[in-house]
Amino acid sequence: GAGVSQTPSNKVTEKGKYVELRCDPISGHTALYWYRQSLGQGPEFLIYFQGTGAADDSGLPNDRFFAVRPEGSVSTLKIQRTERGDSAMYLCASSLMGEGETQYFGPGTRLLVL
Amino acid sequence: SQQGEEDPQALSIQEGENATMNCSYKTSINNLQWYRQNSGRGLVHLILIRSNEREKHSGRLRVTLDTSKKSSSLLITASRAADTASYFCATDARQGGKLIFGQGTELSVKP
């Protein structure tokens, strides 16, 4: 597609459930990033993929969060045993090669944990 | 943690006026990027300025970068109601490409 796409656009779940958020980057972009944005704050880095591998996962808050990018294109962010504090906007971005380049963001997935 | 701060946190102006937003950061950078975010939506890339550049223009946008002061400014000239949004600066702090964002400036342009 022309831009980064994310699905679903909204996700409502109950505390303790498992959720998956999907990101489809711009075709040909090797670098993919996940960020989390709480209300009234700037986005905060979660994880960075270069190709299929996670080059930097230092932003993942705990081991309930995991992300994959098995074929170097689509990525899935997985959250186990969701907590109310996980409620936020989850943003995905991609860039052509990685460091030093413009990152293009998707529309985000708004997650609400009840 | 956030890289730096944006100033002001909120700005309200009349259509046709200029809007200036400032951003400060803490570490050495490859580049600094400005983004716009409409309420509840994703981020739209506005402009990227590299560490060896001092000023850059794009349409009604003018960005400056002062690496000695670790600060940047975004000027929007002849503002329009459609410019109403939150504006974020983000630094590529030479850590693999991850961006570190400020808390943003909420701009309101009244018609």
Side-chain angles (χ1 to χ4, degrees), chain A residues 3-7 9-10 21 23-26 29-51 53-61 67 88-112, chain B residues 1-10 21 23-53 56 58 61 63 72 74 85-106:
Chain A
V4 179
S5 61
Q6 291 185 247
T7 55
S9 53
N10 292 281
L21 312 179
C23 172
D24 204 334
I26 292 172
H29 280 195
T30 63
L32 185 146
Y33 302 83
W34 283 98
Y35 295 85
R36 180 169 71 172
Q37 185 179 25
S38 299
L39 204 59
Q41 302 292 316
E44 292 192 320
F45 169 79
L46 294 176
I47 187 169
Y48 157 48
F49 285 91
Q50 184 57 257
D56 181 356
D57 65 357
S58 62
L60 295 177
M89 174 76 89
Y90 288 82
L91 295 161
C92 176
S94 71
S95 69
L96 186 60
M97 297 293 286
E99 186 167 344
E101 297 185 337
T102 298
Q103 291 186 23
Y104 297 94
F105 281 78
T109 294
R110 184 167 294 284
L111 175 66
L112 177 61
Chain B
S1 62
Q2 303 282 332
Q3 160 76 293
E5 297 181 357
E6 280 156 288
D7 168 55
Q9 290 190 343
M21 289 160 266
C23 167
S24 62
Y25 58 92
K26 297 175 183 173
T27 64
S28 297
I29 61 172
N30 282 324
N31 62 59
L32 185 146
Q33 305 183 39
W34 283 91
Y35 289 86
R36 184 186 75 217
Q37 185 177 39
N38 289 84
S39 181
R41 311 284 290 275
L43 283 84
V44 174
H45 183 261
L46 296 176
I47 201 163
L48 180 153
I49 186 164
R50 300 199 182 278
S51 60
N52 61 352
E53 298 176 310
K56 207 161 181 180
S58 176
L61 306 180
V63 168
S72 174
L74 170 66
S86 292
Y87 291 81
F88 294 92
C89 70
T91 51
D92 180 338
R94 300 179 179 175
Q95 296 177 30
K98 70 181 181 185
L99 295 179
I100 303 176
F101 286 81
Q103 290 191 320
T105 292
E106 194 173 330

I'd like to know if the side chain of [X] and the backbone of [Y] have a donor-acceptor N/O pair within less than 3.5 Å.
| X | Y | result |
| --- | --- | --- |
| A:Gln50 | A:Met97 | yes |
| B:Gln37 | B:Leu43 | no |
| A:Gln37 | A:Leu91 | no |

More than 12 heavy atoms from other groups under 6.0 Å of CD on B:Glu106: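 Incorrect, the count does not exceed 12.
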Using non-hydrogen atoms only, which part of A:Ser95 is less than 4.5 Å away from chain B: side chain, backbone, both, or neither? neither
Contact class of A:Glu101 relative to chain B, heavy atoms under 4.5 angstrom: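 It is the backbone, since no side chain atom gets that close.
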Ranking B:Leu99, B:Val44, B:Ile47 by heavy-atom pairs under 4.5 Å to chain A gives rank one to B:Leu99
So which residue, A:Met89, A:Gln103, A:Gln6, ends up with the most heavy-atom pairs under 4.5 Å with chain B? A:Gln103
